[in-house]
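Order of listing sets the numbers, starting from 1, for every ligand and every atom in it.
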Amino acid sequence: MQSLRDALEDRMRAALAAVVGPEGRELDPLIRPTQDARFGDYQSNVALSLAKRLGEKPRDTAARLVAALALDDLTDPPEVSGPGFINFRFRPAFLAAQLAAIQADPRLGLAPVAEPQRVVVDFSSPNLAKEMHVGHVRSTIIGDCIARLLEHFGHTVLRLNHVGDWGTQFGMLIQHVRELQPHVLEDPEQLHIDDLEAFYVEAKRRFDSDPEFAVRARRAVVDLQSGDPMALEVWRAFCRESLRHCHEIYERLGVRLEDRGESFYNPYLPELVAELRARELAVDHDGAVCFFVEGWTNREGKPLPLMVQKSDGGYNYDTTDLAGIRHRTGVERAARIIYVTDIRQHQHFEMVFAGARKAGWAPPSVSLEHVGFGMILGVDGRPFRTRDGGTIKLKELLDEAIERAAARVAELREKDPERRPDTSPEADANIARIVGLGAVKYADLSHNVTSDYRFDWNTMLALEGNTAPYMLYAYARIRSIRRRAHPGNAGILPAPAQHVPGVDSPEIHSWELPPDLPILLEHPSEVALAKQLLHFVPTLRQVAVELRPHLLTDYLYGLSRAYSTFYDRERGVRIVDAEPESVRLSRLRLCDLTARTLKLGLELLGIGVLEQM
Ligand code: ARG
């Protein structure tokens, strides 16, 4: 479906062509949402620049454009204001027709793209051998949201977990185990993540304090690289156990990821470096092999290269990421590759992207994008840590989220025992899980990706404001109207027994209202809600391009506010008991469309909904 703005732009271009001739079609009609609803919904200020070209007063140009505009079916007669702005206000009947056209569409007006792309989203990607901690949560949540959104558009998304499963930390671990935990060598399969964590801490301490151990640990890296069977076996056991732990967390978060760690690219590295040297793109430099890409300098102002091979012969992060791009474009045929990491890696990716372009491994048709995110801070604005300054384990963070949500849910129920029919312990546990995990995800996604944000349980679990509990509650409240609307009312059949998660479908979700209800928009709160509903698809389009999930949370929050007004006894309208029946059904349809939009929107954020809360 065309967005409201696109519809206006088309008509404006036709008017521009009428005023300045055929090239008018090529002009940007400069249509923006108005800041103030008194001036209507959208405003064009194209007359201001155009007037200069035509040598006339902007208000005259505006008047000529208005005269040439054929908009009667879309808007009220446009008005000229200020120095020559043209203001548009949509007609309720047009909005109603737009909504009526999507009411039977489970995708709410967003058709799958005609030409699906292959997209790689590289996210989560922790370094193995340590438990996942709070530093991994943003990449996991944001990456999953981006992947869900692009999948929803119909693209083929490869969700890659580019874990750090190679390098010095493994030499350190292998050597430590060899020396002090030899029983592990006898049966590496018995290894548990808790041991691994303890070994890591101990091995790191020894590595930093005992230079001789450090030498032995480095030698163990060489063993590993040269394929020593014992070293490989321990390494495999470490990775397997570490990944098992990661996937426990992913499963809990409802995140799907395919593991393809750094080691996957090992076989490609020697030929990659050899090729760069043969093509004279990389040169030997102090024993290392450097790939100079224009535009980067170090602190002393000297050219800063990608280092593709270290002086000890080892490869590093830059090399693997170059090989990654080459594989993803060449073998995976990706048209778009998206990396979600801490913003501090921005320069790394910019350089790797430039290198891949220069080497011809990423043709111009392939889009390389780094989504860099800010830090999570504690309530005090300092880096988020445990009370004694340690890193916060992700598993413990998620446990706490669910515990805290359970307390909130119990509070809610005490306040209003009537509200929720099902108060079984299973229902409670499910609600706590969805609210708790939803709160963590929503808090993360609702902040501008690049900004740091404060991790504050009280804010994210609040029932008021732009939070998951508020959104989930708004959804559940709408769904309860459905139950109230049902008894004894013709046209509404009994509720389906079970809510089915997954892609929305009209059968399970449309309240069994007829699929082609005439929508009637009379009250201002109805018109405002309709406009919000119609803004869903353009919002998704924008997020899919800009990769900024907070635009979607902002939108959903705006939608639920518009719904609150519509539902409010004073500012809004009657719904369940509205008369006549045509008005009642139309309002129930608006409720239904709001619920479906919230549900789909939350699903794209990776948050499940609750039918009761
Ligand atoms: N393992 C890296 C880290 O923990 C993130 C990897 C991101 N992906 C990539 N292709 N470099 O910082």
For [X], atoms of ligand 1 separated by under 4.0 Å from a heavy atom:
{"X": "Phe349", "value": "9 (C), 11 (N)"}
{"X": "Thr341", "value": "7 (C)"}
{"X": "Tyr339", "value": "10 (N)"}

Indicate, as side chain, backbone, both or neither, the part of Val163 found under 4.0 angstrom from ligand 1 when only non-hydrogen atoms are considered.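 Contact part for Val163 vs ligand 1: neither.
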List the closest protein heavy-atom neighbour of atom 6 (C) of ligand 1: residue, atom name, distance to the nearest 0.1 Å.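 Here the nearest protein heavy atom works out to Tyr317 OH, 3.2 Å.
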Report the nearest protein non-hydrogen atom to atom 8 (N) of ligand 1: residue, atom name, distance rounded to 0.1 Å.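 Ranked first by proximity to atom 8 (N) of ligand 1 is Asp122 OD1, 3.0 Å.
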Can you find an N/O atom of Gln345 closer than 3.5 Å to an N/O atom of ligand 1?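 Right, the criterion is met.
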I'd like to check whether His348 has a polar contact with ligand 1, where a contact means an N/O of the residue lying under 3.5 Å from an N/O of the ligand.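 Such a contact does not occur with ligand 1.
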Give a yes-or-no answer on whether the side chains of [X] and [Y] include a donor-acceptor pair shorter than 3.5 Å.
{"X": "Asp122", "Y": "Ser125", "answer": "yes"}
{"X": "His247", "Y": "Asp259", "answer": "yes"}
{"X": "Tyr315", "Y": "Glu262", "answer": "no"}

Flag the pair Tyr339 / Phe123 as yes when their ring centroid distance falls below 6.0 Å, and as no otherwise.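 Here the rings of Phe123 and Tyr339 have centres that are no less than 6.0 Å from each other.
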Salt bridge present between Asp554 and Arg548 (N-O < 4.0 angstrom):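 Arg548 and Asp554: not salt-bridged.
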Cationic N near anionic O, under 4.0 Å, Arg236 to Glu189: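 So Arg236 does not pair with Glu189 through a salt bridge.
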